[in-house]
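Written below as structure tokens is the structure these notes are about.
This one's a predicted model, so the numbers in the text were calculated from it and none came from an experiment.
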Amino acid sequence: MGVGKVRGCSLLRFSLSEVNLPVLHSDKQFCLRSPKKPISWSRVCGFLLFALGLISLFTGHVASHLEWYSQRLSKHARLSKLVGSDTAAINIWKSRSSNFYYGCSNRGHHFPSAVRERASNGYLLIATSGGLNQQRTGITDAVVVARILNATLVVPALDHYSYWNDDSDFINIFDVDWFISSLAKDVTIIKRIPDKVMRSMDKPPYTMRVPRKSPPEYYLDQVLPILLRRRAVQLTKFDYRLANNLDDELQKLRCRVNYHALRFTKPIRILGKNLVIRMRKMAKRFIAVHLRFEPDMLAFSGCYYGGGDKERNELSQIRKQWPTLPPLSPEGERKRGKCPFTPHEVGLMLRALGFGNDTYLYVASGEIYGGEVTLQPLRGLFPNFYTKDMLAGEELKPFLRYSSRLAAIDYIVSDESDVFVTNNNGNMAKILAGRRRYMGHKRTIRPNAKKLSSLFMARDQMDWHTFARKVRSCQKGFIGEAEEARPGRDEFLEFPSSCICRKPYGQNIVDNSSDLEPPGRVFGSDEEIELDNDRENRGNREGVVGKARDIEEEELLPE
């Protein structure tokens, strides 16, 4: 029986063992197709579906990534458009970062409440040192030290024997009741040690001075044992006695003290507000220039300003008040950027940055060395030149005997200015720079002294266009932008990084310190502000946060 020709391998229904070998050899067509297995269409369909699933998963993953990157790039583009690129011309009146940051110094949820007076480890008394803002740093740190020691803080005593010889007490400058109540959750503060407690003490409070910038561990190891043993400790000459770097909760406490709790007395706030209102009536925006150019400051700096033997002799006599001062080279100090700029140099810098001669200036200063002769070049560059004496008149008389109260008035106006400029980097410059960053990076300009000093010395060797271009180049990084901050490397009061937050994109946050007085409001509550002499402005009442101007520099007066 023969075997018919096989037309397709798929028709084969028998195994190879059932086929005669001769037939296999004789039928080539059959032999070539017989090894292939039948194709299962269900498997093919399953494979195709699996492949389609993989492709779908991959393309969906890529699409989601592309969408995410697209959103990021879109946001970045919108932000760049709002903020401006590094190469774009800056707005000299307003920081490009001012709309993207806010002060955030609220207590953390895990920050324990203050211990009560009877449960505390004892009483901490503080004797501050220096001028107003140097004392302000001491007060701020005193609250933090009391917190570290779990001590009851007695309202700090102010320095009455510094160069300015101001006998003002805390209660004459700061709103003491507000100071105590606003910090009640953080530290227990009293105005004085109760007489009953004082009588029960075997010895008077132990007096000591701690090293500068001591860490919390020093206070716990060296001060706390004495406090527990004696019940009361007084820390003298308390300025810059606490380390710059602390944990975030203690840094936020520093901010609550400095930007919220230290509020000036009502008379100081009222006069400060009046001066701001008068500046605003004359100009929509104005610059406040802090000129630290008093005779004592120049003497201590060791710099020379071209006044010949008269200047050398006068400043030499002042330097004798500090016999431990080393001899200094005026040329060397200027090259190092340690010489405060003259009023004329400040004016040249501002004009080179783009401020026109129609700009209004409020000049905050003490006694200017050389008087009107020294100020005249600045007046020539900016004829709209005003001081507290020019704006206040008779209202200033009650404050004239007190340099710290005069300093506080200048601080209020300077803080409310659209642009704040300083001729050095002393206490007032640092504290105001930090406060203005906390308020949303309000424009603050400080000279890049090291670079600008050499440029000013070569001023006659170049035309104005070249000079102005080089000034603008030198001042990059010194005009109050957020990118200038260097957390951990600079003084915390100048760069309060722990207390500044970035706003989430698209949200408008005014302030995160809801349990405190709003920091952006300057003058006090409606009940506190009564402007009898300015009736048309009675409806323009806002909250006040304490402000102060410093007429003392950390680098300028020694211990």
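- When the SG-SG distance for C501 and C104 is compared with the 2.5 Å cut-off, it comes out below that value.
- The six-membered or imidazole ring of H260 lies near that of Y438, with a centre-to-centre distance under 6.0 Å.
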Quiz item: Stepwise, does the salt bridge (charged side-chain N to carboxylate O under 4.0 Å, His left out) test hold for D166 with R401?
Solution: CA-CA 8 Å; D166 189 330; R401 292 179 48 242; over 6 Å; no

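- Between N425 and K430, the closest heavy-atom pair is O-CE, 3.2 Å.
- Remark: D296 engages R292 in a salt bridge, criterion side-chain N to carboxylate O under 4.0 Å.
- With respect to E331 and K335, no salt bridge is recorded, no charged nitrogen being found less than 4.0 Å from a carboxylate O.
- When all heavy atoms of C303 and L315 are compared, the closest pair comes out as O-CD1, 4.2 Å.
- A salt bridge links K442 to D415: at least one charged side-chain nitrogen sits closer than 4.0 Å to a carboxylate oxygen.
- Centroid-to-centroid, the aromatic rings of F456 and F341 come within less than 6.0 Å.
- Put simply, CE on M439 and OH on Y102 are 14.5 Å apart, with the number rounded to the nearest 0.5 Å.
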Practice problem: Take R446 and E494 through the salt bridge (charged side-chain N to carboxylate O under 4.0 Å, His left out) test and state the conclusion after the steps. | Solution: CA-CA 12 Å; R446 56 190 179 97; E494 185 176 4; 3.6 Å; yes

Quiz prompt | D239/Q134 under side-chain hydrogen bond (donor to acceptor under 3.5 Å, both in side chains): CA gap, chis, key distance, verdict | solution = CA-CA 6 Å; D239 58 344; Q134 192 168 340; 2.3 Å; yes

Practice problem: Apply salt bridge (charged side-chain N to carboxylate O under 4.0 Å, His left out) to the pair E345 and R334, showing each step before the final yes or no. | Solution: CA-CA 13 Å; E345 290 170 334; R334 179 165 286 275; 3.6 Å; yes

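- G434 and P496 make their closest contact through O-CG, 3.6 Å (heavy atoms, listed as atom of the first residue, atom of the second, distance).
- Minimum heavy-atom separation, G347 to F382: O-CE1, 3.7 Å.
- Atom NE2 in H344 sits 12.5 Å away from atom CG in L375 (nearest 0.5 Å).
- For the pair A288 and S414, the tightest heavy-atom approach, listed with the atom from each and the gap, is CB-CA, 3.6 Å.
- Checking side-chain atoms of R136 against main-chain N and O of N258 turns up a donor-acceptor pair under 3.5 Å.
- Between Y369 and F293, the ring center distance fails the sub-6.0 Å criterion.
- For R502 and Y101, the positive end sits near the middle of the six-membered ring, less than 6.0 Å away and at most 45° from its axis.
- In this structure, the side chains of Y305 and P330 stay at 4.5 Å or more apart for every pair of heavy atoms.
- Here the OG atom belonging to S365 is positioned 8.0 Å from the CG atom belonging to D389, to the nearest 0.5 angstrom.
- Within the 4.5 Å cutoff, no side-chain heavy atoms of Y362 are placed close to those of I287.
- Within the 3.5 Å criterion, the main-chain N or O of I479 finds a donor-acceptor partner in the side chain of E484.
- Other residues, nucleotides and ligands contribute at most 12 non-hydrogen atoms within 6.0 Å of the CG atom of D460.
- Side-chain contact between L271 and L396: present, with at least one pair of heavy atoms (C-beta onward) separated by less than 4.5 Å.
- For the pair R241 and D141, the salt-bridge criterion is not met [side-chain N within less than 4.0 Å of a carboxylate O].
- Defined by atom type and a distance below 3.5 Å, a donor-acceptor pair is missing between the side-chain atoms of D159 and T128.
- Remark: the backbone N or O of H160 is not paired with any side-chain donor or acceptor of D167 at under 3.5 angstrom.
- The distance between the ring centers of F170 and F179 falls below 6.0 angstrom.
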Quiz prompt | Candidate pair R436 and T444, rule side-chain hydrogen bond (donor to acceptor under 3.5 Å, both in side chains), full reasoning | solution = CA-CA 7 Å; R436 291 170 72 88; T444 302; 2.9 Å; yes

Exercise. With side chain to side chain contact (heavy atoms under 4.5 Å, CB included) as the test, would you mind laying out the steps for R256 and T140 before giving the verdict?
Key: CA-CA 9 Å; R256 292 197 292 276; T140 298; over 6 Å; no

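- Between G337 and A449, the shortest heavy-atom distance links the atoms O-CB, 3.4 Å.
- R312 places no side-chain N or O within donor-acceptor distance of the main-chain N or O of S316, the cut-off being under 3.5 Å.
- A heavy-atom distance below 4.5 Å is not found between the side chains of I412 and L275.
- With a 4.5 Å cut-off on side-chain heavy atoms, R351 and N357 count as touching.
- Side-chain atoms of M462 and L455, non-hydrogen and from C-beta on, do get closer than 4.5 Å to each other.
- For Y304 (side chain) and G308 (main-chain N/O), a donor-acceptor pair under 3.5 Å exists by modelled atom type.
- Counting only N and O atoms by type, the side chains of Q251 and R254 include a donor and acceptor under 3.5 Å apart.
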Practice problem: Please assess I500 against H441 for the test side chain to side chain contact (heavy atoms under 4.5 Å, CB included), listing each intermediate value before the final yes or no. | Solution: CA-CA 10 Å; I500 297 176; H441 289 85; 4.0 Å; yes

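- The structure places CD1 of I268 at 3.5 Å from OG1 of T265, a figure rounded to the nearest 0.5 Å.
- Both tests pass for R379 against the ring of F385: distance under 6.0 Å to the centre and angle within 45° of the axis.
- In terms of modelled atom types and a separation under 3.5 Å, the side chain of Q135 and the main chain of G130 share a donor-acceptor contact.
- Judged by distance alone, with hydrogens and angles left aside, the side-chain atoms of D169 form no donor-acceptor pair with the main-chain N or O of I171 at under 3.5 Å.
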Practice problem: Check the pair V421 / L361 against side chain to side chain contact (heavy atoms under 4.5 Å, CB included), numbers first and verdict last. | Solution: CA-CA 10 Å; V421 182; L361 258 59; over 6 Å; no

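- Look at E481 and K476 and you find no salt bridge, because none of the NZ, NE, NH1 or NH2 atoms lies under 4.0 Å from a carboxylate O.
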Practice problem: Just do the salt bridge (charged side-chain N to carboxylate O under 4.0 Å, His left out) check on K266 and D175 with the steps written out, would you? | Solution: CA-CA 8 Å; K266 183 178 176 180; D175 185 336; over 6 Å; no

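- Without hydrogens or angle criteria, S473 side chain to R469 main chain gives no donor-acceptor distance under 3.5 Å.
- A salt bridge does not link D418 to R443: none of the charged nitrogens lies less than 4.0 Å from a carboxylate oxygen.
- S454 contributes a side-chain N or O that, together with a main-chain N or O of K451, makes up a donor-acceptor pair within less than 3.5 Å.
- For the atom pair L432 CG and S417 OG, the distance stands at 8.0 Å (nearest 0.5 Å).
- The line from CD of E294 to CD of E367 is 8.0 Å long, rounded to the nearest 0.5 Å.
- At a threshold of 4.5 Å between non-hydrogen side-chain atoms, the residues S168 and F399 do not count as touching.
- Using a 4.0 Å cut-off between charged side-chain N and carboxylate O, R278 and E395 make a salt bridge.
- The backbone N or O of V210 lies less than 3.5 Å from no partner atom in the side chain of S214, so there is not a single donor-acceptor pair.
- V419 is listed as a side-chain neighbour of I445, based on a closest heavy-atom distance under 4.5 Å.
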